[in-house]
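Remarks on the structure that follows.
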Amino acid sequence: SAQELVFPEDIATLEVYLSTLGDDNNSGYDPLFPVFTLQRALEAIYHRGYTQAARINVLAGTYNIQDVNFRPSFRGSDTQVITVEGPLIEIIIGNILNIQILNPSNLLEVTVNNILPGDVLEFLSGPLLGLQVQISNIVGNVITLPITDLPNVGDTYRILRNTVTFAASSLIMRGEVTLRNITLQVEDTLQLLGRLTCANVNIFCTLLRLMDCVLRSAVGILQGLHLHNLLVEGQNALLDITSFTCDTVQFTLRSCKCLL
């Protein structure tokens, strides 16, 4: 839809709300009146315009989505990439049971309970207080952590898990967007055309196709990107995924730059 002619309010972030109980007749600007589809949430952003940043706050649930184009608003010279963000749920709080230092020395085996690939382990006490790491390598209750500082046996941790899933049979994502705390569940092919920055993002699909795009894992509190048992095909792509984790992944890349 067309943007409003009046200049938008000068706010740090334009907030839009998306819910499985929402209604696309709502404005989406109030958490009490969320919209129902991702496309309607994007239309709300483009209609209002924003001067700096825009965020789609996604309530817990599974959303069926179609091919999507994340284009920026033209309002303001300092506009940032749209962020789509879901909440994390706390699964369990526990204590570190055992620690084993591996070779190379920056790998640790830590025994915890009730964790799945793609979950986030957050330390609540000890020398790693506040550190959050996305998990992939799990055997039983033993996980391998790529960290150099040692936690202590008995340190408290909690396990956080994504609560938002975007589901599709196949999906093409265009434009530039940051996804935070989102699971992408695609039955067949997920094709990226543009820039995707991931912060605690899980990708399930048969084929991840990267064409003239940038796939980046955000380095920060939440560690980037987790890939689950898939084939990655890339052409003219940049993979800046130094903080990604994976199960079994096969890469077939042409004219690509990889920072792994």
Side-chain angles (χ1 to χ4, degrees), residues 16 18 37-43 45-46 53-58 62-74 79-86 117-118 120 134 136 162 164-220 222-260:
V16 175
L18 175 62
T37 63
L38 177 61
Q39 185 58 44
R40 177 67 184 92
L42 289 169
E43 289 174 358
I45 290 175
Y46 303 145
R55 176 170 53 220
I56 299 174
N57 300 278
V58 189
T62 297
Y63 299 80
N64 295 315
I65 65 172
Q66 300 176 338
D67 295 348
V68 59
N69 183 11
F70 295 96
R71 62 178 177 83
S73 167
F74 61 77
T79 53
Q80 302 170 21
V81 176
I82 293 172
T83 295
V84 182
E85 182 169 347
V120 172
Q134 195 173 24
S136 64
N162 285 355
V164 171
T165 297
F166 288 160
S169 56
S170 62
L171 181 64
I172 299 175
M173 295 178 60
R174 295 180 173 87
E176 187 170 3
V177 66
T178 295
L179 298 183
R180 185 176 293 275
N181 309 333
I182 301 291
T183 295
L184 294 174
Q185 184 85 51
V186 181
E187 295 178 10
D188 190 4
T189 300
L190 170 59
Q191 182 166 332
L192 302 181
L193 300 167
R195 289 175 173 263
L196 172 60
T197 300
C198 300
N200 187 31
V201 170
N202 297 301
I203 294 181
F204 297 83
C205 62
T206 302
L207 172 63
L208 175 59
R209 180 170 290 142
L210 311 173
M211 302 296 293
D212 301 301
C213 74
V214 175
L215 176 61
R216 191 184 308 276
S217 56
V219 178
L222 298 178
Q223 298 302 309
L225 170 68
H226 187 80
L227 304 175
H228 297 259
N229 300 324
L230 53 88
L231 172 64
V232 179
E233 289 184 354
Q235 183 169 339
N236 301 322
L238 169 61
L239 280 70
D240 184 4
I241 49 178
T242 52
S243 61
F244 91 112
T245 59
C246 65
D247 297 329
T248 303
V249 176
Q250 179 180 343
F251 289 88
T252 303
L253 306 175
R254 298 184 182 90
S255 302
C256 296
K257 182 177 181 180
C258 300
L259 303 174
L260 303 177

Side chains of [X] and [Y] in contact at under 4.5 Å (non-hydrogen atoms):
{"X": "Tyr46", "Y": "Ile82", "answer": "yes"}
{"X": "Gln185", "Y": "Thr62", "answer": "no"}
{"X": "Thr197", "Y": "Val81", "answer": "no"}
{"X": "Phe166", "Y": "Val84", "answer": "yes"}
{"X": "Leu207", "Y": "Val186", "answer": "no"}
{"X": "Gln191", "Y": "Met211", "answer": "yes"}
{"X": "Leu215", "Y": "Cys198", "answer": "yes"}

Atom of [X], atom of [Y] and distance for their closest heavy-atom approach:
{"X": "Ile182", "Y": "Glu85", "result": "CD1-C, 4.3 Å"}
{"X": "Met173", "Y": "Leu196", "result": "CE-CD1, 4.4 Å"}
{"X": "Ser170", "Y": "Asp67", "result": "O-OD1, 4.2 Å"}

TODO: Verify side-chain contact (heavy atoms from CB on, under 4.5 Å) between Leu38 and Tyr63, making sure each step is shown before the conclusion.
DONE: CA-CA 8 Å; Leu38 177 61; Tyr63 299 80; over 6 Å; no

- Out of Asn57, Leu42, Ile45, which residue meets the side-chain contact (heavy atoms from CB on, under 4.5 Å) rule with Val16?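 For Val16, the side-chain contact (heavy atoms from CB on, under 4.5 Å) check succeeds only for Ile45.
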
For Phe204, the option from Asn202, Thr206, Leu208 that meets side-chain contact (heavy atoms from CB on, under 4.5 Å):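 Among the candidates, only Asn202 passes.
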
[X] [atom1] to [Y] [atom2] distance, which is reported to the nearest 0.5 Å:
{"X": "Ile65", "Y": "Thr165", "atom1": "CD1", "atom2": "OG1", "answer": "10.5 Å"}
{"X": "Cys205", "Y": "Leu227", "atom1": "SG", "atom2": "CG", "answer": "8.0 Å"}
{"X": "Ser169", "Y": "Gln66", "atom1": "OG", "atom2": "CD", "answer": "9.0 Å"}
{"X": "Gln235", "Y": "Arg209", "atom1": "CD", "atom2": "CZ", "answer": "10.0 Å"}
{"X": "Ile172", "Y": "Leu192", "atom1": "CD1", "atom2": "CG", "answer": "10.0 Å"}
{"X": "Leu231", "Y": "Glu233", "atom1": "CG", "atom2": "CD", "answer": "5.0 Å"}

Requested in this report: Would you confirm whether Asn236, through its side chain, and Asp212, through its main-chain N or O, come within 3.5 Å as a donor-acceptor pair?
Outcome: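 It does not hold such a pair.
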
